[in-house]
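Below: one structure, written as structure tokens.
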Amino acid sequence: MIETFALSAAAVAALAAVVPSARQRLELSRAKHRSLAGHSRMAKRVARLVPGYAYDEAQFFGSDAAPADVVTRRSQGFARLAGHLNARHEKSIALTKQAREAISDLQFTGAYRVPYPYSGYLREHLSIGTFVQRTDGVTVTDLDGRTFIDLTGSYGVNVFGHDFYKTCIAEGSARVAELGPILGSYHPAVAWNVEQLRRISGLDEVSFHMSGTEAVMQAVRLARYHTRRQYLVRFSGAYHGWWDDVQPGPGNPLPPGKTYTLKEMHEDTLRVLRKRRDIACVLINPLQALHPNAAAPGDSALVDSGRHAHFDKAAYTNWLVQLREVCTERGIVLIFDEVFMGFRLAPGGAQEYFGVNADMVTYGKTLGGGLPVGVVCGKAALMKRFREDRPADICFARGTFNSHPYVMGAMQVFLERLQSEPVRAIYADLDGTWNGRAARLNAALKSADVPVQVANLQSVWTVFYTQPSRYNWMLQFYLREHGLALSWIGTGRLIFSLNFSEADFEAVSDRFVAAARAMQADGWWWQTEGLTNKAIRRGLLREMLRHWR
């Protein structure tokens with residue numbers, strides 16, 4: 001009897017220990033986004049199973065089972081487009097082909113401009129030049145003297161226009177010329193820059209790094225060091241650089257480490273943050289406000305018309321307020337990763353724009369005045385790299401080129417100009433200006449009766465498509481033919497600099513609509529009742545199964 005009671009008590013105790021753990025695990029599972037972007041391990045497994053295969057000419061033009069006359073229109077339109085681009089940019093293309101043999105980045109971007117089954121045929125017949133020789137105003141000119149309106153944004157660097165940054169680099173370099181590239185010692189510009197960054201961020205201390213990725217690495221490392229917790233929370237689809245912990249899933253050869261990838265803007269996530277004791281920090285990328293829980297929208301994944309985006313400032317602000325409250329309550333470090341969006345939304349960045357303060361902020365891109373830089377701003381209690389009472393317990397971080405004089409000089413000029421009246425004037429009613437421009441382009445596209453619309457977070461835009469199609473990725477090449485330069489990911493991200501005048505924007509709008517009309521005339525947006533997004537995805541799955549070994 002006593003033995004039975006003892007066994008029952010032990011079972012109850014074991015069950016009591018297991019139940020909270022199981023409940024906690026279930027809550028964590030519910031806080032993950034249903035897509036593969038929210039399940040890093042599963043995404044890696046699926047990625048290993050996707051077979052490589054390429055379409056032949058017939059499949060390239062007729063993968064959606066379009067009738068013969070439409071396939072012929074596409075083939076003829078493609079031949080004209082390819083011939084035009086190849087002839088017009090001959091020098092730029094020739095140097096790109098030569099350099100590609102030794103530059104792995106060019107090999108990668110060339111292969112992933114479009115969904116991979118189409119990539120081989122497209123690269124064989126249509127080439128893109130990567131080399132350019134000059135910029136002026138809102139334009140960029142290639143080696144053949146062909147000028148494009150620049151919508152690449154230099155991956156986020158170009159907030160105020162090319163000429164702005166050329167001035168920052170020239171003036172900054174002149175200021176530090178007598179010192180040269182000395183490292184270890186500081187140029188006086190460093191001290192001035194630090195005071196400005198403290199004022200802008202509202203935080204106590206600053207550390208300098210060589211890139212945005214390095215800055216995020218250091219912020220996370222310090223958060224773990226001071227909280228004595230291991231896990232970081234990132235949100236589904238968000239990009240924070242390419243190092244292991246913040247880029248789990250495809251693209252990272254390692255399995256997810258001490259990282260939770262959770263749903264953004266969801267109560268399930270707040271519930272997990274309130275209950276767990278192992279979370280050191282939460283990373284926020286403000287760009288995700290445009291497409292929460294979705295990865296950066298590149299055309300290489302544009303297999304149907306499922307892409308969507310929408311920015312709701314009030315909803316996202318409310319989310320950040322709730323997140324701030326939970327992090328404060330639980331002692332979790334809230335980190336704003338403003339490497340991409342910093343200084344684009346407002347002079348004080350996302351903290352000012354959304355009215356929510358972080359514990360740490362990372363900056364990069366534009367802050368270097370056109371030169372490479374990464375910066376961490378944080379509360380004093382989080383920035384310290386050693387413990388007075390445990391002298392061997394340190395949090396080491398260093399970089400050979402941290403605080404390089406030429407970078408610091410260009411940064412100083414950037415920060416000076418950020419406070420000038422002409423730049424302050426640029427920030428006046430940015431929401432109204434860019435929302436109005438997006439609305440005008442959408443109206444023009446609708447009037448032209450083409451299945452294209454745009455969504456925007458101020459001057460960062462994404463293109464989405466309003467009828468099912470397997471060929472939306474072709475639009476990037478028609479836009480290029482009409483003189484609009486996009487980054488290698490295509491129509492997923494258009495980045496305007498803030499110096500675009502109304503005349504500049506009207507030129508973009510006219511060219512954009514003309515490109516869409518040309519694409520439509522060539523038959524790429526052929527439509528039939530059975531061609532739904534669901535049917536397209538099912539067809540792709542059948543293709544993969546046929547090629548899977």
From the list Leu122, Val303, Leu126, side-chain contact (heavy atoms from CB on, under 4.5 Å) partner of Val114 resolves to Leu122
Assess the residue pair Arg511 and Glu481 against the criterion (salt bridge (charged side-chain N to carboxylate O under 4.0 Å, His left out)); give the C-alpha distance rounded to whole Å, side-chain angles, the decisive distance to 0.1 Å, and a yes or no. CA-CA 9 Å; Arg511 296 181 189 200; Glu481 182 189 30; over 6 Å; no
Taking atom types as modelled, find out whether Tyr478 and Asp522 have a side-chain donor-acceptor pair closer than 3.5 angstrom. yes
Keeping the roles fixed (side chain from Ser305, backbone from Gln467), state whether a donor-acceptor pair exists under 3.5 Å. yes
Tell me if a side-chain donor or acceptor on Thr362 pairs with a main-chain N or O of Val216 at a distance below 3.5 Å. no
Would the distance check show the side chain of Lys166 and the main-chain N or O of Gly370 forming a donor-acceptor pair, the cut-off being under 3.5 Å? no
Just by distance, no angles: are the side chains of Asp64 and Ser469 close enough, under 3.5 Å, to form a donor-acceptor pair? no
Below 4.0 angstrom, N of the basic side chain to O of the carboxylate: do Glu416 and Arg175 qualify? yes
Whether Glu205 and Arg198 form a salt bridge (side-chain N of Lys/Arg under 4.0 Å from carboxylate O of Asp/Glu) is what I want to check. no
Going by the angle between their ring planes, with limits at 30° and 60°, are Trp434 and Phe505 parallel, tilted or perpendicular? perpendicular
Side-chain heavy-atom pair Phe78, Arg74 within 4.5 angstrom cut-off: no
Test your reading of the model: is there a side-chain donor-acceptor pair from Asn472 to the backbone of Leu302, 3.5 Å cut-off? no
Just by distance, no angles: are the side chains of His89 and Asp142 close enough, under 3.5 Å, to form a donor-acceptor pair? yes
Answer yes or no: is there a donor N or O on one side and an acceptor on the other, between the side chain of Glu214 and the main chain of Val375, under 3.5 Å? no
Below 4.5 Å, heavy atoms only, C-beta onward: do Asp150 and Val138 meet side chain to side chain? no
Side chain of Ser420, backbone of Arg417: donor and acceptor closer than 3.5 Å? yes
Quick check against the 3.5 Å criterion: does Asn442 have a side-chain atom that pairs as donor or acceptor with the backbone of Val454? yes
For Trp524, which of Tyr471, Tyr465, Tyr118 qualifies under ring-ring contact (aromatic ring centres under 6.0 Å, His included)? Tyr471
Sole candidate of Val452, Val450, Ile149, Leu151 that passes side-chain contact (heavy atoms from CB on, under 4.5 Å) when paired with Phe512: Val452
So does Arg424 pair up with Glu421, basic N to acidic O under 4.0 Å? no
Any idea how His404 and Tyr406 line up, ring-wise: parallel (<30°), tilted (30 to 60°), or perpendicular (>60°)? tilted
Any donor-acceptor N or O pair under 3.5 Å, side chains Ser211, His209: no
For Tyr186, does the OH atom sit with more than 12 other heavy atoms under 6.0 Å from it, leaving out its own atoms? no
Check: Thr141 main-chain N/O paired with Arg134 side-chain donor or acceptor under 3.5 Å: no
Hydrogens and angles aside, do Asp136 and Thr139 bring a side-chain donor and acceptor to less than 3.5 Å of each other? no
Is a side-chain N or O of Gln288 found less than 3.5 angstrom from the main chain of Ala294, in a donor-acceptor match? yes
Quick one: are Tyr239 and Asp337 in side-chain contact, heavy atoms under 4.5 Å? no
Under 3.5 Å, is there a donor-acceptor pair between the His240 and Gln247 side chains? no
Within 45° of the axis and under 6.0 Å from the centre of the six-membered ring of Phe343, does NZ or CZ of Lys365 qualify? no
Residue pair Phe414 / Val159, side-chain heavy-atom distance below 4.5 Å: no
Assert yes or no for the condition that the ring centre distance of Phe61 to Tyr55 is strictly below 6.0 Å. no
Pairing donors with acceptors under 3.5 angstrom, does anything connect the side chains of Gln196 and Gln419? yes
With a cut-off of 6.0 Å (strictly less than), are more than 12 heavy atoms of other residues, nucleotides or ligands near OH of Tyr427? yes
Classify the ring geometry of Phe477 against Trp473: parallel below 30°, tilted from 30° to 60°, perpendicular beyond 60°. perpendicular
Answer yes if the ring centres of Phe311 and Tyr316 are under 6.0 angstrom apart, and no otherwise. no
With under 30° as parallel and over 60° as perpendicular, where do the rings of Tyr53 and Tyr116 fit, or are they tilted in between? perpendicular
Scan side-chain atoms only and decide if Arg344 and Thr366 contain a donor-acceptor pair under the 3.5 Å cut-off. no
I'd like to know whether Lys91 forms a side-chain contact (heavy atoms from CB on, under 4.5 Å) with Phe131, so could you lay out the CA-CA distance, the side-chain angles of the two residues, the decisive distance to 0.1 Å, and finally the verdict. CA-CA 9 Å; Lys91 293 179 182 177; Phe131 287 88; over 6 Å; no
Can you find a heavy atom in the side chain of Val339 that is under 4.5 Å from one in the side chain of Tyr363? no
Would you say that Thr147 contacts Val140 through its side chain, given a criterion of any heavy-atom pair below 4.5 Å between the two side chains? no
Does Glu502 come within less than 4.0 Å of Arg440, counting only side-chain N to carboxylate O? yes
Are Ser119 and Arg123 linked by a side-chain donor-acceptor pair shorter than 3.5 Å? yes
Is a side-chain N or O of Ser447 found less than 3.5 angstrom from the main chain of Ala443, in a donor-acceptor match? no
Considering residues, nucleotides and ligands other than Lys97, do more than 12 of their heavy atoms fall under 6.0 Å from its NZ? no
Counting only heavy atoms from other residues, nucleotides and ligands, does the tally under 6.0 Å from CH2 of Trp243 exceed 12? yes
